[in-house]
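Keep in mind that the numbers below use all heavy atoms, side chains included, and drop hydrogens, waters and symmetry copies. So that the names make sense, note that chain A is the first sequence line, chain B the second, and so on, each numbered from 1.
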2 protein chains.
Amino acid sequence: MNKISDKKIERIITYRRVLLRLDKQLGKTHVFSHQLASSSGASSAQVRRDLMEIGYTGSPAHGYEIRGLLDSIGEFIDPDQKEGIALVGVGNLGRAIIDYFNGQSSKLEIVTVFDVNPDKIERVISGCRSYHVKDLKPVIIEKKIKTAVITVPSGSAQSVADELIEAGVKGILNYAPITLTVPHGIYVENRDMITTLEKVSYFAKNNTNK
Amino acid sequence: MNKISDKKIERIITYRRVLLRLDKQLGKTHVFSHQLASSSGASSAQVRRDLMEIGYTGSPAHGYEIRGLLDSIGEFIDPDQKEGIALVGVGNLGRAIIDYFNGQSSKLEIVTVFDVNPDKIERVISGCRSYHVKDLKPVIIEKKIKTAVITVPSGSAQSVADELIEAGVKGILNYAPITLTVPHGIYVENRDMITTLEKVSYFAKNNTNK
DNA sequence: AGATGTGAATGGGTTCACAGCA
DNA sequence: TGCTGTGAACCCATTCACATCT
């Protein structure tokens with residue numbers, strides 16, 4: 001498999017979302033690259049390049065066939081069936097993410113959650129069985145979970161990450177305001193809200209172009 | 001002012017967080033670029049380049065003086081005093097962000113929130129006065145708010161964004177799963193959780209390096 | 001006429017590598 | 001010796017531009 005860049009798959013995932021809306025809500029059957037581009041925050045050349053990468057080709061006359069393109073993207077992004085995700089840290093943010101996420105339809109589903117607070121374990125939270133963090137490793141291993149979300153305080157984020165990785169997790173979405181140190185081959189996305197908001201505020205002040 | 005890239009200020013903000021911890025918790029007075037780098041997920045050359053950009057210089061003997069560097073970063077990132085942020089959409093996610101955010105100390109503070117649900121307006125939520133979305137424009141104008149967070153459902157995100165921008169907002173942090181269309185000169189950061197998790201899941205499966 | 005697919009050019013961010021310095 | 005500061009080289013993503021197709 002030829003490696004594909006971070007930004008590129010993010011765009012492709014965005015195309016899919018746009019295509020689903022065009023298909024379902026507007027009942028369209030075809031799109032041109034420039035239409036897909038303007039709904040996705042990309043350029044039309046970028047769209048064409050990206051679709052080239054996944055090997056889907058359109059026609060100059062009608063553009064891209066939406067259903068077919070959706071299938072191609074689906075094969076490319078998630079060839080598997082439903083995949084279970086774990087979430088560690090059932091605070092306000094964690095609970096919000098669970099609710100938000102499992103309301104949407106997607107091949108991904110948060111199926112297991114962990115916390116240290118006894119009030120929050122051995123229960124069912126928004127349809128997910130919750131466990132104590134001390135049982136993290138065996139549960140993750142048993143359920144063969146490969147992707148996890150961290151919403152614990154920054155002090156415990158690194159140790160949680162370490163355990164997740166020991167249990168076989170390969171991708172981590174981290175909301176704790178700390179940069180995780182992970183071995184080669186593990187993918188981490190940091191989404192600390194404070195850093196992000198500070199950045200947005202900076203650009204709001206320093207009125208740049210794009 | 002010479003324009004500075006998105007990624008670069010994100011790194012600089014991260015450096016600040018690391019420096020604050022080194023200063024407060026560990027009582028260190030100096031750092032070398034490679035230490036700062038490994039705690040921030042950057043390379044040492046990158047750190048040196050970035051600090052060059054903000055005009056701070058260290059010494060080959062001791063590295064960078066932490067307090068001084070913090071001051072320089074502070075001047076660079078937020079020259080102003082406290083800044084008020086608005087948040088639109090007081091669902092689970094919105095409330096989690098308010099609580100999470102206003103617990104931390106930062107020059108930024110969420111001071112005003114909006115919703116359409118009558119149960120949630122004319123009240124004080126986690127210390128923030130809440131208003132109905134119909135009053136969005138006058139309130140934002142009156143409070144001179146320049147940065148806002150959108151946590152409404154995707155169907156209303158674009159119209160909320162339009163109103164925010166009409167009211168003078170220059171930076172938007174968008175959690176709705178839709179790509180906002182905004183005029184030139186407005187900064188938008190999309191942080192849709194579903195897209196992000198789909199991406200992380202993709203890279204968890206396609207075990208790439210880095 | 002107007003869109004796709006794609007080699008070629010462009011641009012910008014990252015790394016290299018080394019002079020200069022304590 | 002080991003680090004900083006920085007020109008130069010490198011690399012990769014985006015854009016340009018155009019032949020091609022309907």
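The salt bridge (charged side-chain N to carboxylate O under 4.0 Å, His left out) test applied to B:Asp192 returns A:Arg17, not counting sequence neighbours.
For B:Arg49 against C:dT14, no side-chain N or O and base N or O form a donor-acceptor pair under 3.5 Å. For D:dG2, its base never sits under 3.5 Å from the side chain of B:Arg48 at any donor and acceptor pair.
Classified by interplanar angle (parallel below 30°, tilted 30° to 60°, perpendicular above 60°), the ring pair A:Tyr64/A:Tyr56 is tilted.
The environment of A:Lys28 atom NZ is sparse: at most 12 non-hydrogen atoms of other residues, nucleotides or ligands sit within 6.0 angstrom.
Straight-line distance from the CD atom of B:Gln46 to the P atom of D:dT4: 15 Å, rounded to whole Å.
Under 4.0 angstrom from either OP1 or OP2 of C:dT4 there lies no side-chain N or O belonging to A:Ser59. The shortest distance between the side-chain N/O atoms of B:Ser43 and the OP1/OP2 oxygens of C:dT14 is not below 4.0 Å.
If you find the closest nucleotide of DNA chain C to A:Gly58 and to B:Ala45, the one lying nearer the 5' end belongs to A:Gly58.
A donor-acceptor pair shorter than 3.5 Å cannot be found between the side chains of A:Asp50 and A:Gln46. B:Asn206 and A:Tyr187 are not linked by any side-chain donor-acceptor pair at a separation below 3.5 angstrom, with hydrogens and angles left out of the test.
The stretch residues 29-37 of chain B has no heavy atom under 4.0 angstrom from DNA chain C at all.
Comparing C:dG20, D:dA13, D:dT15 by their closest approach to the side chain of B:Pro60 singles out C:dG20.
For the side-chain contact (heavy atoms from CB on, under 4.5 Å) criterion with B:Leu164, the lone passing option out of B:Val149, B:Ile145, B:Val169 is B:Val169.
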